[in-house]
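A short write-up of the structure that comes next.
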Amino acid sequence: MTGPDARPTRRIELTLHRPWYALYWGIRPTLVIGERGQPAQWGVGTWQVAAEENVIVGVYLFNRVWRFGQAEVALEPQHAPALTYRAPALPFLRGRIRASEPG
C-alpha cells in the first residue's frame, strides 16, 4: 500500500514446531495476528505486522471439535522479530510461544 495513509511495517519470523510424538495427527496451526486468524503450516514462515505498534501474536490448533495448544505473546516494536511456537503433545494442553534467534 502506498500513499499518505500507508503505515510502516516490519516482518516477523515465526517457527512452528510440532512434537515428534503427539496424540493427534493431521492438524495444522492457526496463526492470529491482531485478531485476524489465518491458517499456517508447520515450519518457518514470515508475516508482516505494523512497525510502530504493539501486536498480539497467537497460535492455536483446532481438531474440528475444540481448540487446544493456545499461546500468545504481545510483540512490541523493540522486541526481536523472531518467535518460536511449540505445540503440546496432548490435545488438551497449552502451547508455548517465545522469542528466538532469527534463522
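Position 1 is the first residue of the sequence; numbering continues from there. Just so it is clear, the structure is predicted and the values come from calculations on it, not from any experiment.
- The shortest distance between side-chain heavy atoms of N54 and L75 does not fall below 4.5 Å.
- Within the 4.5 Å cutoff, the side chain of V59 has no heavy atoms near those of the E72 side chain.
- In this structure a side-chain-to-backbone donor-acceptor pair under 3.5 Å is present from W66 to P91.
- Follow the hydrophobic side-chain contacts under 4.5 Å out from Y21 and you reach F92 in the same cluster.
- Side-chain contact between L14 and T46 is absent, with no heavy atoms from C-beta onward closer than 4.5 Å.
- With a 6.0 Å radius and a threshold of 12 heavy atoms from other residues, nucleotides or ligands, R11 has its CZ atom above the threshold.
- L23 and L61 are members of different hydrophobic clusters when ILVMFWY side chains are connected at heavy-atom separations under 4.5 Å.
- Side-chain contact between Y24 and P19: present, with at least one pair of heavy atoms (C-beta onward) separated by less than 4.5 Å.
- Considering every non-hydrogen atom in both W42 and R18, the closest pair reads CD1-NH1, 3.3 Å.
- R7 has no carboxylate O lying under 4.0 Å from a charged side-chain N of E52, or vice versa, which leaves the two without a salt bridge.
- In this structure the side chain of V32 reaches within 4.5 angstrom of the side chain of Y60, judged on heavy atoms.
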Contacts under 3.5 angstrom, residues 82-90 side chains, donor-acceptor by atom type, not counting sequence neighbours:
residue : atom : partner : partner atom : Å
T84     : OG1  : S100    : OG           : 2.9
Y85     : OH   : G69     : O            : 2.5

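- I33 is listed as a side-chain neighbour of V49, based on a closest heavy-atom distance under 4.5 Å.
- Across every non-hydrogen atom of A51 and P77, the tightest pair is O-CB, 3.4 Å.
- Atom-to-atom distance recorded for F62:CZ and I27:CD1 is 9.5 Å, nearest 0.5 angstrom.
- Under the 4.5 Å side-chain criterion, counting only non-hydrogen atoms from C-beta, L31 is in contact with V57.
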- prompt: Q38 and W47: side chain to side chain contact (heavy atoms under 4.5 Å, CB included), yes or no, with the steps?
  reply: CA-CA 11 Å; Q38 54 191 315; W47 285 269; 3.7 Å; yes
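- For R10, the CZ atom sits in a packed shell: over 12 heavy atoms of surrounding residues, nucleotides or ligands are nearer than 6.0 Å.
- Residues Q48 and T9 bring a donor and an acceptor atom of their side chains to less than 3.5 Å of each other.
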